[in-house]
Structure formats: structure tokens, C-alpha cells
Amino acid sequence: MKILVIPGDGIGQEVTIYGKKVLSKIAQKFGHPISFEEGIMGHVAIEATGNPLPDETLEKAKKSDAILFGAIGHAKYDNDPSAKVRPEQGLLKIRKELGLYANLRPIKLFDELLEASSIKPEVLRGADILFFRELTGDVYFGKKERTDGGNTASDLMVYSKYEVERIAEKAFLAARNRRKKLCSVDKANVLESSRLWRETVQEMAKKFPDIEVEHMFVDNAAMQLIKDPKKFDVIVTGNLFGDILTDEASQIAGSMGMLASASIGDKVGFYEPIHGSAHDIAGKGIANPLASILSVALMLDISFNLKNEAAVVINAVDKVLKEGYRTRDIASEATLINKILTTSEMGEAVLSKI
Ligand code: IPM
Ligand code: MG
């Protein structure tokens with residue numbers, strides 16, 4: 001296993017250390033040869049080279065079997081919309097260059113965290129959703145323009161049929177191995193690109209008669225997710241809607257700090273927490289490393305087909321949670337103060353269970 005580690009910005013630096021340690025320990029325990037390289041991307045890369053994705057990082061990425069990424073972004077740019085070079089460009093470019101068109105975001109609540117979410121436990125219990133977010137198209141990559149002396153701006157929302165087909169195909173196949181339900185989310189009552197999306201998914205549904213397909217407008221989906229998350233199995237949607245809905249859905253898993261994601265497509269797999277760089281808590285040692293650790297579980301499963309090893313990682317996280325240990329973001333009023341762990345304590349606790 002040739003792994004490229006890109007810690008990135010903010011808490012990415014703190015949490016990825018533990019993703020990497022967990023991966024090392026698994027490799028060692030199960031006797032899988034592993035080698036690590038490190039790369040820079042995002043704000044740290046801009047500071048060092050002026051480029052959010054240096055060629056050197058991209059070259060290393062292309063040569064690796066899988067990539068473990070941390071987070072990207074810096075408050076400095078969030079407050080400066082005029083900045084031409086931005087950390088996020090690095091992430092978007094690597095997704096495009098590596099052909100990572102399918103972003104899988106599993107939303108599953110560990111029972112122990114029922115109280116950590118702001119949603120009622122009875123609404124959450126049993127929810128288990130797998131998002132397929134399209135990742136290399138949509139307004140993210142459509143033409144961007146300023147006209148009218150800079151006073152009018154546009155981002156083109158564009159999808160081609162083959163882009164919808166390839167992500168939908170992955171979602172249909174995943175549904176087949178789960179509860180056989182697929183919900184496709186769009187805004188076909190308003191957007192032409194969504195009408196193409198819906199048309200394409202409808203056509204494909206004929207090839208998957210065993211899958212129950214539902215089409216939902218994104219505004220309704222946002223509401224249904226919170227109202228009754230249990231009714232969803234697999235959800236497939238475009239880049240922008242998927243970005244927004246998965247942040248919302250993170251509350252179904254208790255906290256953003258718990259959610260891992262896998263981006264796949266042409267060849268290399270790219271694994272990252274869905275949370276951002278969280279500069280407000282960076283450097284304080286309180287970030288939750290579990291999303292990075294669970295991203296490693298996804299990597300073992302998807303890139304290397306090591307199902308048992310992936311399960312060992314998930315069980316280790318489960319055991320630590322069962323013993324009552326929490327980072328701050330997933331602590332509830334009932335959490336004992338001596339069970340609230342720092343980033344490194346939580347990372348070590350999981351390692352000790354492997
Ligand atoms: C995500 C993030 C990114 C996105 C940002 C950092 C560009 O929010 O991975 O969800 O919008 O895709
Ligand atoms: Mg996002």
C-alpha cells in the first residue's frame with residue numbers, strides 16, 4: 001500500500017496524524033507492506049510555494065494507491081472574497097485531476113452518540129444513509145464570469161449525461177447491496193441541468209428493476225432528512241446539493257467530527273473527513289480525530305478490499321465510545337468531565353483498541 005498523506009490546513013494537521021497512525025498499526029498487525037509519503041496542499045502550500053496544489057504533490061498523488069487528506073481552508077480567505085489564489089482551489093484541482101467523480105459520504109450514528117446530536121434520539125435511532133455526491137461537475141467547475149464592470153457574476157451549473165450516468169450507476173449498485181432504495185435529489189422543477197439529471201436517472205432505473213427509485217427536490221430533501229432520516233437508504237445528487245445536504249446530514253451522525261468520506265473514480269482513492277479546517281479550534285488539541293480514523297476504515301475497505309481490517313478500525317472506535325470517552329464536539333451533558341479527551345488522547349485510545 002503506497003499512501004500519500006496530505007494533512008492540509010487547520011485541524012487537518014492535528015487529526016491526520018491519528019488517521020496515519022491507525023493505518024500504520026493495522027498494516028503492521030495484519031502484515032500488509034505499507035509506505036507513506038507526505039504532500040502539501042491548501043493554505044500551507046500557498047504559504048510555502050504560492051500554489052495551493054504544487055505539481056510535486058499532484059505527481060505524488062498520481063503515483064500513490066490511496067490518499068489520506070485532512071482539511072483545507074483559512075479564515076483569511078473567507079473574509080477576503082477578492083483573493084485570486086485560494087486554498088480550496090487545491091482540493092478542487094486534485095479532485096478533477098484524479099477523476100474523483102464519486103464522493104461517498106456514509107451517515108451512520110454510533111448508538112452511543114444518540115445524545116450528541118441536536119436532533120431527538122427517537123428520530124435518529126436506526127438512521128443509515130449513504131450519500132453519493134457527484135464531485136467533478138456542476139457549478140463548481142462550470143464557467144465563472146464577471147461582467148458589467150464586475151457588477152454581475154455568474155457560475156454555470158452544467159451537467160453532461162455521462163457524468164450523471166457514471167455516478168448514478170455507482171449509487172444503483174450500492175443500493176443493490178443495501179436496502180435497495182435510491183433517492184435522487186435535484187431541482188428539476190426549476191433547473192434544466194436537473195431535468196437532464198432526472199431524465200437520465202429515470203432511464204437508468206429501467207436497468208435496475210430491483211431498486212425502488214424516488215426523485216426528490218432538494219428543498220424537500222433538506223426537510224425530510226431532519227424530519228425522518230430513517231426513510232433514506234442511498235441518496236445520489238449533484239455537487240452543490242450534495243455539499244450542502246451532507247453537512248446537514250452530519251447532524252444525523254451526531255457531529256461533523258464523526259463523518260468520513262471516500263472520493264473515487266478513475267483510479268486512486270482519496271479519503272477525507274467531511275469537516276473543514278476549523279481554524280477557530282485549530283492548535284488547541286481539542287479536534288475530533290475520529291472522522292480521519294473512520295476515513296482510514298473507508299480506505300481499507302474501498303481501495304484495498306480489506307473488509308476485516310476496516311471492521312477492526314470501526315470496532316475500535318465503537319469500543320472507545322462505549323467506554324464513555326468523547327472529544328468535546330460529541331460530549332453531552334451526561335459526559336463525565338474526566339472522559340472528555342483531547343485529540344491525542346482520543347487517537348491513542350483508539351490505537352490501544354486495535
Ligand atoms: C467539502 C468542502 C469543499 C467542497 C470545500 C472546502 C471546497 O466543503 O468537501 O464538502 O465544497 O466540496
Ligand atoms: Mg462541504
Side-chain angles (χ1 to χ4, degrees), residues 6-13 15-16 19 40-46 51-53 57 61 67-81 83-107 129-142 144 155 157 159 163 167 185 218 221-222 225 235-253 255-265 269-280 282 287-288 291-292 294-295 298-299 329:
I6 309 179
D9 299 328
I11 62 167
Q13 296 281 341
V15 298
T16 313
I40 56 171
M41 187 164 98
H43 171 66
V44 287
I46 297 176
N51 183 350
L53 176 61
T57 304
I67 300 160
L68 180 64
F69 172 63
I72 211 153
H74 193 282
K76 182 171 129 187
Y77 305 88
D78 299 346
N79 298 323
D80 176 14
K84 288 275 170 290
V85 179
R86 315 182 64 85
E88 290 80 2
Q89 291 161 345
L91 181 58
L92 299 183
K93 183 163 176 206
I94 203 167
R95 286 174 177 169
K96 194 76 171 176
E97 290 277 339
L98 299 178
L100 305 169
Y101 62 83
N103 183 220
L104 280 67
R105 296 188 163 182
I107 313 281
I129 307 173
L130 177 57
F131 271 91
F132 280 79
R133 168 190 175 195
E134 200 287 330
L135 203 59
T136 54
D138 205 345
V139 278
Y140 274 69
F141 294 93
K144 295 177 187 296
D155 300 87
M157 184 177 262
Y159 265 119
E163 293 179 295
I167 179 98
V185 174
V218 62
L225 267 174
I235 298 180
V236 64
T237 190
N239 204 344
L240 181 64
F241 299 155
D243 178 44
I244 299 167
L245 291 180
T246 52
D247 263 32
E248 182 193 6
S250 73
Q251 287 309 300
I252 298 166
S255 159
M256 282 270 267
M258 294 300 296
L259 280 201
S261 90
S263 303
I264 55 173
F270 187 93
Y271 299 84
E272 60 174 312
I274 90 155
H275 63 67
S277 50
H279 279 273
D280 51 332
N288 184 350
S292 179
L294 292 170
S295 296
L298 280 178
M299 178 192 288
D329 58 308

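All ligand and atom numbering here is 1-based and tracks the order in the structure.
- The nearest pair of heavy atoms linking Val44 to Met41 is CG2-O, 3.3 Å.
- Listed here is the closest heavy atom pair of Leu91 and Phe69: CD1-CE2, 3.9 Å.
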**Tyr159/Glu134 under side-chain hydrogen bond (donor to acceptor under 3.5 Å, both in side chains): CA gap, chis, key distance, verdict** = CA-CA 10 Å; Tyr159 265 119; Glu134 200 287 330; 2.7 Å; yes
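- For Asp243, the N/O/S atom at the shortest distance from the Mg ion (ligand 2) is named OD1.
- Nearest heavy atom pair, residue Pro87 against residue Ile72, reads O-CD1, 3.2 Å.
- Any N or O atom pair closer than 3.5 Å counts here, and Glu88 shares no such pair with ligand 1.
- Among protein heavy atoms, the minimum distance from atom 8 (O) of ligand 1 is reached at Asp243 OD1, 3.2 Å.
- Considering all non-hydrogen atoms of both residues, Ser261 and Ser295 come closest at N-OG, 3.9 Å.
- At a heavy-atom cutoff of 4.0 Å, ligand 1 is contacted by the side chain of Ile72 but not by its backbone.
- Within the 4.0 Å heavy-atom shell around ligand 1 one does not find Ile274.
- Contact annotation for Arg95 and ligand 1: only side-chain heavy atoms (C-beta onward) come within less than 4.0 Å of the ligand.
- The protein heavy-atom contact nearest to atom 4 (C) of ligand 1 is Tyr140 OH, 3.5 Å.
- At a 4.0 Å heavy-atom cut-off, ligand 1 touches Arg133 through the side chain alone.
- Checking side-chain atoms of Ser277 against main-chain N and O of Gly10 turns up no donor-acceptor pair under 3.5 Å.
- Only the side chain of Arg105 comes within contact range of ligand 1, with a heavy atom under 4.0 Å; no backbone atom does.
- Taken from CD1 in Ile252 to CE in Met258, the straight-line distance is 14.5 Å, to the nearest 0.5 Å.
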